[in-house]
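Convention: sequence-line order gives letters A, B, ...; per-chain numbering from 1. Only this structure's heavy atoms are used, side chains among them; waters, hydrogens and symmetry mates stay out. Here the structure is a predicted model, which is why all the values come from computation and not from measurement.
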Number of protein chains: 2
Amino acid sequence: MKSTRRPTIREVAQLAGVSRMTVSRVVSDPDVVLPATRDRVNRAIADLGYVPDKAAGGLSSRRTGFVALMLPTLTNANFASVAHGLTEVLRGSDYDLLIAYTDYDLGEEERQLRNLLARRPEAIVLTGASHSREIARLLLAANIPILEIADLPHRPIEHVIGFSNHEVGRTAARYLLDRGFTRLGAIGAVYDGSVLDHRGEERIRGFEEELRRSGLPTTGVIRHGIAPLSYDHGVGALQELQRRAPDTQALFAVSDLSAVGVVMECQRQGLRVPDDLSIMGFGNFEIGREINPPLTTINVDFHGLGSQTGRLIVDLLGSATPPAREAAHRVDVGLAVIERNTVRPA
Amino acid sequence: MKSTRRPTIREVAQLAGVSRMTVSRVVSDPDVVLPATRDRVNRAIADLGYVPDKAAGGLSSRRTGFVALMLPTLTNANFASVAHGLTEVLRGSDYDLLIAYTDYDLGEEERQLRNLLARRPEAIVLTGASHSREIARLLLAANIPILEIADLPHRPIEHVIGFSNHEVGRTAARYLLDRGFTRLGAIGAVYDGSVLDHRGEERIRGFEEELRRSGLPTTGVIRHGIAPLSYDHGVGALQELQRRAPDTQALFAVSDLSAVGVVMECQRQGLRVPDDLSIMGFGNFEIGREINPPLTTINVDFHGLGSQTGRLIVDLLGSATPPAREAAHRVDVGLAVIERNTVRPA
DNA sequence: CTCGCTGGTGGGACCGTTATCATTGCCGGG
DNA sequence: CCCGGCAATGATAACGGTCCCACCAGCGAG
């Protein structure tokens with residue numbers, strides 16, 4: 001086993017009998033070099049198994065080819081969809097995605113961000129971040145496009161592609177109210193200073209707001225457990241709800257995963273869905289379509305959100321003139337109720 | 001808005017009145033510089049909002065701090081767990097994970113790998129790769145530790161941390177045979193030359209092998225659809241099974257997701273589980289615990305697999321003496337049947 | 001007092017690539 | 001026949017760090 005170092009552009013140049021620059025050109029812009037030369041260089045590249053070093057290239061050209069993405073977690077299918085849509089677009093333009101996740105831990109945010117910035121990404125995409133003073137300062141100092149996604153912040157840092165989580169909650173409440181329910185409940189996670197992502201809390205607040213507007217009590221609004229939410233959360237939250245507001249007719253869960261957990265727990269308890277308890281969720285997870293009865297939910301096109309974000313980045317980085325900060329984009333991708341069978345007119 | 005470039009070590013040095021080297025030392029090994037000097041430098045760093053450029057540093061020190069991970073997909077919760085376990089360990093040693101995924105597309109593998117190698121990772125972790133001639137060549141030429149995970153290949157490239165997918169299939173078959181079933185079925189994906197990951201196919205082959213050993217027919221073994229598998233796959237595969245082998249008593253699905261889809265479809269069809277059809281899956285996904293009845297499955301500790309991989313990497317990179325290739329590690333993390341209620345003695 | 005050592009710091013060269021400008025050879029037009 | 005212009009290629013200087021060694025005080029031992 002030859003433990004020799006990786007071949008560099010120098011060695012390729014030497015073997016092909018050309019200068020380093022010519023090799024560089026063959027790799028990045030082949031058309032400008034004579035076919036005969038190009039072939040010779042390509043052969044040398046193949047012979048040596050040369051793979052260009054992007055770090056060195058980036059240092060020189062000031063273009064690292066990185067786009068940074070900061071997520072609360074990888075485990076959530078919707079965030080995975082975002083990453084997916086984003087990668088699809090970025091691959092076409094030769095950007096690599098650099099993913100960091102915080103696991104909803106506030107302390108990790110700054111650490112992760114510094115780490116990300118040390119790689120000199122050309123743009124950065126953020127989800128559900130808290131944006132402390134120091135975070136904002138670091139971001140601005142990076143002097144690259146900043147994109148906040150999956151939310152619609154009132155005071156955005158720069159670009160926004162998302163939807164209103166508050167509106168999600170309101171839509172759910174209105175949907176249930178329209179069907180004549182009056183004893184409404186909602187379940188989400190406990191939100192305190194140590195929690196990074198406030199999007200779930202926004203949804204639950206939107207729900208509460210609509211309840212208050214209609215003069216209804218908010219005793220059925222339960223904050224239980226902590227993010228990330230999953231099936232189990234629904235089980236526990238339902239039990240708490242049954243203690244606190246046993247007469248609840250209809251329930252909104254801030255995540256489909258919780259909602260599915262609730263449906264399953266209802267089955268175990270022998271409660272009929274939706275006759276004994278109506279349930280709706282958020283996120284349009286695949287499992288919601290499969291359970292019996294299938295889950296009513298609110299859909300957001302996360303994959304499209306990811307690809308739109310990707311396209312905006314490519315645009316932003318492609319345009320020679322760095323757009324002024326006041327030309328920040330703000331895109332609402334909207335949301336839609338998907339009616340299935342877990343809710344029925346009362 | 002000052003659109004000035006990011007501050008470099010030079011400017012920090014100037015502001016603090018020291019040389020660049022001293023700044024470098026304060027960042028990477030603070031203890032060797034005098035407290036007074038250190039404070040001065042740290043103040044300058046804070047004032048300027050200096051964030052070191054790891055690409056530049058890596059170029060010089062030949063240590064990029066990257067560990068590469070190649071996955072079929074991000075969307076699978078088990079792979080996400082692996083990534084999770086891996087990150088947890090690597091964070092502690094200041095490595096960043098560079099994730100690439102192929103979406104089970106064979107053509108993407110080489111492209112992604114080249115891309116990864118262009119970032120000069122210090123180690124590379126692979127899952128379910130096909131290892132074509134060219135791929136293997138690229139990997140070996142990189143001259144870094146190579147770790148294959150989530151499988152137990154007969155002819156590994158170097159290190160292996162995984163479990164036998166073939167054994168998963170055999171274990172499932174034996175489990176069902178032991179309970180007295182004789183008309184067994186299995187569902188997986190179609191496997192042809194264009195598919196990257198063979199782990200599901202290995203599971204199904206192990207199942208078939210055990211069937212043949214017992215002199216039972218393999219007509220109930222269905223290859224349906226293509227990876228990635230999900231709930232919907234189970235629905236379609238069950239329907240195909242019902243056409244091809246309607247008298248099947250017990251069924252193994254190569255993924256819990258398919259298995260859950262089967263259970264749900266059974267509910268819709270009014271079939272009782274496990275009385276009319278026994279079902280077991282693989283992967284121990286959370287949803288399997290929640291459905292009614294809960295899903296019998298085969299568990300592998302994917303999170304632990306990820307963290308073990310991380311620890312091995314840290315070991316390998318930490319040891320000054322590069323270990324000889326013959327000292328390759330081979331770890332079997334094992335597997336275990338988790339009995340729940342979807343299977344019952346016949 | 002001198003010498004050697006040690007801890008703290010600085011001065012260059014270098015890591016592998018690309019931007020930029022210079023150089024070369026060739027072609028066609030005046 | 002000469003010269004301007006263009007296409008192809010080369011030389012050199014960055015890019016932002018760290019490695020390696022030299023330097024310099026200060027201090028204890030001989």
Side-chain angles (χ1 to χ4, degrees), chain A residues 4-42 44-45 48-66 94 117-122 142-143 320, chain B residues 4-42 44-45 48-66 94 117-122 142-143 320:
Chain A
T4 169
R5 271 207 323 288
R6 309 220 50 164
T8 74
I9 205 171
R10 240 186 195 86
E11 293 155 61
V12 176
Q14 199 152 21
L15 181 56
V18 297
S19 73
R20 285 174 294 157
M21 260 326 288
T22 300
V23 177
S24 174
R25 281 190 269 254
V26 168
V27 169
S28 58
D29 189 8
D31 293 333
V32 305
V33 349
L34 223 52
T37 319
R38 192 197 308 152
D39 292 347
R40 212 147 27 94
V41 171
N42 275 326
I45 289 178
L48 294 175
Y50 169 69
V51 177
D53 183 329
K54 282 199 187 177
L59 187 56
S60 179
S61 67
R62 314 172 140 294
R63 299 199 50 246
T64 58
F66 277 132
D94 263 325
L117 293 179
R119 302 293 183 177
R120 297 293 187 266
E122 299 180 45
N143 210 34
Chain B
T4 170
R5 270 207 324 287
R6 310 219 51 164
T8 73
I9 203 172
R10 239 186 197 84
E11 294 155 59
V12 176
Q14 198 153 19
L15 181 57
V18 298
S19 72
R20 285 172 299 155
M21 259 327 288
T22 301
V23 178
S24 173
R25 280 190 270 255
V26 168
V27 170
S28 58
D29 189 9
D31 293 332
V32 305
V33 352
L34 225 51
T37 319
R38 194 197 307 151
D39 292 347
R40 213 145 27 91
V41 171
N42 275 326
I45 288 178
L48 294 175
Y50 170 70
V51 177
D53 183 330
K54 282 200 186 174
L59 188 58
S60 178
S61 67
R62 313 174 140 293
R63 299 200 51 246
T64 58
F66 276 133
D94 262 326
L117 293 179
R119 303 293 185 179
R120 297 293 186 267
E122 299 180 47
N143 212 33

Listed nucleotide nearest any side-chain atom of D53(B), set dC15(D), dG16(D), dA8(D): dG16(D)
Kindly say if R5(B) contacts the phosphate of dG16(D), meaning a side-chain N or O under 4.0 Å from OP1 or OP2. yes
So, the side chain of R120(A) versus the backbone of L117(A): is there a donor-acceptor pair under 3.5 Å, distance only? yes
Mind calculating the distance between CZ (R6(A)) and C1' (dC15(C)) to the nearest angstrom? 15 Å
Could you check whether T37(A) gets within reach of a base, just the sugar-phosphate, or nothing at all, counting any heavy atom under 4.0 Å? sugar-phosphate
Do other residues, nucleotides or ligands put more than 12 heavy atoms under 6.0 Å from Q14(B) CD? no
When rounded to whole Å, the CZ to P distance for the pair R119(B) and dG16(C) reads 17 Å
Can you tell me how far C1' of dG16(C) sits from CD of Q14(A), to the nearest Å? 15 Å
Shortest non-hydrogen contact from G65(A) to E122(A)? N-OE2, 2.6 Å
Just compare dT17(C), dT9(C), dG16(D) and give me whichever is closest to any side-chain atom of L59(A). dG16(D)
Across the strands shown, which category fits R20(B) at heavy-atom distances under 4.0 angstrom: base, sugar-phosphate, nothing? base
Whole-Å distance separating the OH atom of Y50(A) from the P atom of dG16(C): 10 Å
OP1 or OP2 of dG10(D) sitting under 4.0 Å from any side-chain N/O of T22(A)? yes
If each of L34(A) and I9(B) is mapped to the nucleotide of DNA chain D with the nearest heavy atom, which maps nearer the 5' terminus, i.e. the 5' end? L34(A)
What do the steps show when you test T64(B) against R119(B) for side-chain contact (heavy atoms from CB on, under 4.5 Å), and what is the final call? CA-CA 8 Å; T64(B) 58; R119(B) 303 293 185 179; over 6 Å; no
May I have all residue pairs that pass side chain to side chain donor-acceptor pair (under 3.5 Å) and include part of residues 51-60 of chain B, sequence neighbours excluded? N115(A)-K54(B)
Please determine whether a side-chain nitrogen or oxygen atom of S60(B) lies at a distance below 4.0 Å from atom OP1 or OP2 of dC19(D). no
All heavy atoms of Y50(A) vs all of T8(A), minimum pair found to be CE1-C, 3.7 Å
Would you mind telling me which of dT17(C), dC15(C), dT9(C) lies closest to the side-chain atoms of R62(B)? dC15(C)
Classify the side chain of S61(B) and the base of dT18(D) as holding, or not holding, a donor-acceptor pair under 3.5 Å. no
Return all side-chain donor-acceptor pairs below 3.5 angstrom for residues 21-35 of chain B, not counting sequence neighbours, or 'none' if the list is empty.
residue : atom : partner : partner atom : Å
T22(B)  : OG1  : S19(B)  : OG           : 3.4
S28(B)  : OG   : S24(B)  : O            : 3.0

Closest non-hydrogen atom pair between A55(B) and A55(A), with its separation: CB-CB, 4.2 Å
Counting primed atoms plus P, OP1 and OP2 as sugar-phosphate and everything else as base, spell out the protein contacts along nucleotides 20-27 of chain D at 4.0 Å heavy-atom distance: B, S or - for each nucleotide, 5' to 3'. --------
Rounded to the nearest angstrom, tell me the gap between atom CG in D29(A) and atom P in dA8(D). 11 Å
Using atom CZ of R38(A) as one end and atom C1' of dT9(D) as the other, report the distance to the nearest whole Å. 14 Å
Classify the side chain of S19(A) versus the base of dG10(D) as yes if they form a donor-acceptor pair under 3.5 Å and no if they do not. no
Could you give the CZ-to-P distance, from R10(B) to dG11(C), as a whole number of Å? 12 Å
Tell me: CZ of R40(A) to P of dT9(D), nearest whole Å? 8 Å
